[in-house]
Amino acid sequence: MPELPEVETIRIGLSQYIIGQTIKDVDILWSKFLSVEQVNSAVIGQTIKGLERRAKVLIIALSNDYSLLVHLKMTGQMVLVLADGERFAGGHPTDSMAADLPDKSTRIVFAFAGGDKLYFNDQRKFGWIQLLPTVEVLTHELVGRLGPEPLTNDFTLTGFSKVVKRHPGSPIKAVILDQSTVSGVGNIYADESLHLAKIHPAVKAGDLSGAQIKRLHAAIKTIIAAGVEHGGTSFAHYVNALGGKGDYLDNARVFNQTDKPCPVCGTPIIKIRVAGRGTHVCPKCQKAPR
DNA sequence: CACTTGACCTGTCCGC
DNA sequence: TGCGGACAGGTCAAGT
């Protein structure tokens with residue numbers, strides 16, 4: 001679920017609470033990668049030095065020069081419950097953000113020396129946490145093959161244009177969902193970006209004009225920046241065990257807006273399937289390929 | 001090689 | 001109410 005804006009919102013939110021905290025204990029209820037041995041030898045007793053993000057991956061740097069990498073995939077959540085009961089949560093929106101934890105979706109629990117607890121919840125078990133030496137993080141295959149961050153200068157029109165032309169037969173939506181093209185764009189922001197650029201998601205990448213590629217490049221930057229600005233689509237703020245949401249989806253142009261009017265022309269939004277994913281388009285603003 | 005589909009999991013919603 | 005199937009904001013591996 002979480003795309004770049006959601007993960008960035010989680011990073012910013014968690015940073016102020018967990019940086020400097022010492023991990024007293026880790027309880028692994030289920031894990032794909034992180035093992036009890038790793039936790040015992042390189043996590044417990046360490047202090048959190050920093051919290052970074054690369055695309056949709058959260059990187060928790062520890063004082064012993066190891067890092068914990070977290071990928072939330074579709075349904076992952078990070079929920080911080082402070083010793084006084086208040087909480088801070090981000091990820092897939094479910095009731096468990098406000099429920100008593102651990103619950104049946106809780107996979108890993110980090111307990112801090114001061115009494116705060118950080119829960120990694122993930123209903124579908126697609127997400128993971130793994131441990132790597134910090135020096136290997138950026139070159140590891142998990143993040144080393146990711147394309148440029150959309151909000152940095154690394155994401156150039158020239159580079160984007162080259163990648164688009166390299167996949168002439170793929171629907172353009174598939175190209176921008178590919179994390180090696182531009183990292184951090186997922187299904188929501190792909191639909192939003194394509195609508196802003198007035199490009200139909202099923203158009204073959206090779207059929208796009210230079211002007212269209214330029215519009216899409218700009219649209220991706222605009223849409224991702226707006227997502228970060230709004231705190232993502234699904235986010236429980238730091239409030240008394242209540243939760244609440246990031247408000248991006250309230251302002252979504254097309255995503256999840258089936259049958260609602262297009263914000264540009266008023267035509268009802270339709271839902272189709274492109275590149276194996278549910279896809280929302282305005283049939284008037286985004287001309288279907290023939 | 002380029003591109004598409006299935007698999008990974010659990011849960012929910014929708015039609016019969 | 002029960003049951004089957006489709007689908008869910010991600011990413012790989014395997015298939016055509």
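Just so it is clear, the structure is predicted and the values come from calculations on it, not from any experiment. The analysis underlying the following values was restricted to heavy atoms, covering all of them including side chains, and did not include hydrogens, waters or symmetry mates. Each chain gets a letter, A, B and so on, in the order its sequence line appears, and its residues count up from 1.
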- Using a heavy-atom cut-off of under 4.0 Å over every strand shown, decide if A/K32 touches base, sugar-phosphate, or nothing. nothing
- Short side-chain N/O contact from A/H71 to OP1 or OP2 of C/dG10, under 4.0 Å: no
- Is the A/W128 ring parallel, tilted or perpendicular to the A/F33 ring (thresholds 30°, 60°)? perpendicular
- Is the ring of A/Y189 stacked on the base of C/dG9, with centres less than 5.5 Å apart and planes under 30° off? no
- Query: Between atom CZ in A/F33 and atom C1' in C/dC12, what is the gap in whole Å?
  - Reply: 10 Å
- Task: Verify the contact: side-chain N or O of A/K56 to OP1 or OP2 of C/dT11, cut-off strictly under 4.0 Å; return yes or no.
- Result: yes
- Query: Can any side-chain N or O of A/E192 pair as donor or acceptor with the backbone N or O of A/V254 at less than 3.5 Å?
  - Reply: yes
- Roughly how many Å is it from CG in A/D178 to P in C/dG10, rounded to a whole number? 13 Å
- Just to confirm, is there a sub-4.0 Å distance from OP1 or OP2 of C/dG9 to any side-chain nitrogen or oxygen of A/K73? no
- Query: Given atom CZ of A/F255 and atom C1' of C/dG10, what is their separation to the nearest angstrom?
  - Reply: 12 Å
- Query: What is the distance, rounded to the nearest whole Å, between atom CG of A/L4 and atom C1' of C/dG10?
  - Reply: 14 Å
- Expressed as a whole number of Å, how far does the P atom of C/dA6 sit from that of B/dT5? 15 Å
- Task: To the nearest 0.5 angstrom, please state how far the OG atom of A/S67 sits from the NE2 atom of A/H140.
- Result: 12.0 Å
- Item | A/N187 CG to C/dA8 C1', straight-line distance once rounded to whole Å | 10 Å
- Message: Taking 5.5 Å and 30° as the limits, would you call A/F126 and the base of B/dC8 a stacked pair?
- Response: yes
- Task: Would you indicate what A/R273 reaches in the nucleic acid, counting non-hydrogen atoms under 4.0 angstrom: base, sugar-phosphate, or nothing?
- Result: sugar-phosphate
- Below 4.0 Å: OP1/OP2 of C/dC7 and any side-chain N or O of A/R124: no
- Quick one: A/R277 CZ to C/dT11 C1', roughly how many Å, whole number? 9 Å
- Query: Closer to the 5' end of DNA chain C via nearest nucleotide, is it A/V185 or A/Q123?
  - Reply: A/Q123
- Message: Classify A/G127 by what it touches in the nucleic acid, base, sugar-phosphate, or nothing, heavy-atom distance under 4.0 Å.
- Response: nothing
- Query: Taking OP1 and OP2 of C/dG10, is either one under 4.0 Å from a side-chain nitrogen or oxygen of A/Q179?
  - Reply: no
- Message: Using whole Å, what does the distance between atom C1' of nucleotide B/dA7 and atom NZ of A/K125 come to?
- Response: 15 Å
- Task: Look at the side chain of A/N121 and the backbone N and O of A/Q77, then say whether any donor-acceptor pair between them is shorter than 3.5 Å.
- Result: no
- A/R54, A/K221, A/K56 screened by salt bridge (charged side-chain N to carboxylate O under 4.0 Å, His left out) with A/E149, the one that passes: A/R54
- Task: Could you work out the separation of C/dT11 and B/dG11 based on their P atoms and round it to a whole Å?
- Result: 22 Å
- Query: Looking across every strand, which nucleic acid part, if any, lies under 4.0 Å from A/G186 by heavy atom: base, sugar-phosphate, or nothing?
  - Reply: sugar-phosphate
- Contact check, side chains of A/I108 and A/D122, non-hydrogen atoms, under 4.5 Å: no
- Message: Do A/P201 and A/Q286 make a side-chain contact, defined as non-hydrogen atoms from C-beta onward lying under 4.5 Å apart?
- Response: yes
- Message: For the P atoms, the ones on C/dG5 and on B/dG6, what distance do you get once it is rounded to whole angstrom?
- Response: 15 Å
- Do the side-chain N or O atoms of A/K271 get closer than 4.0 angstrom to the phosphate oxygens (OP1, OP2) of C/dA8? yes
- Message: Mind checking if A/P5 touches a base, just sugar-phosphate, or nothing, with heavy atoms under 4.0 Å?
- Response: nothing
- Query: Would you find more than 12 non-hydrogen atoms of other residues, nucleotides or ligands less than 6.0 Å from A/K32 atom NZ?
  - Reply: yes
- Item | Watson-Crick or G-U pairs under 3.5 Å in DNA chain C, rendered as dot-bracket with [ ] for crossing pairs and | for another strand | .|||||||.|||||||
- Distance, rounded to the nearest Å, where A/L177 contributes CG and B/dC3 contributes C1': 14 Å
Give the table of side-chain donor-acceptor pairs shorter than 3.5 Å for residues 19-27 of chain A, with sequence neighbours excluded, one pair per line with atom names and distance.
residue: A/Q21; atom: NE2; partner: A/Y17; partner atom: O; Å: 2.8
residue: A/Q21; atom: NE2; partner: A/D116; partner atom: OD2; Å: 2.9
residue: A/T22; atom: OG1; partner: A/T47; partner atom: OG1; Å: 3.0

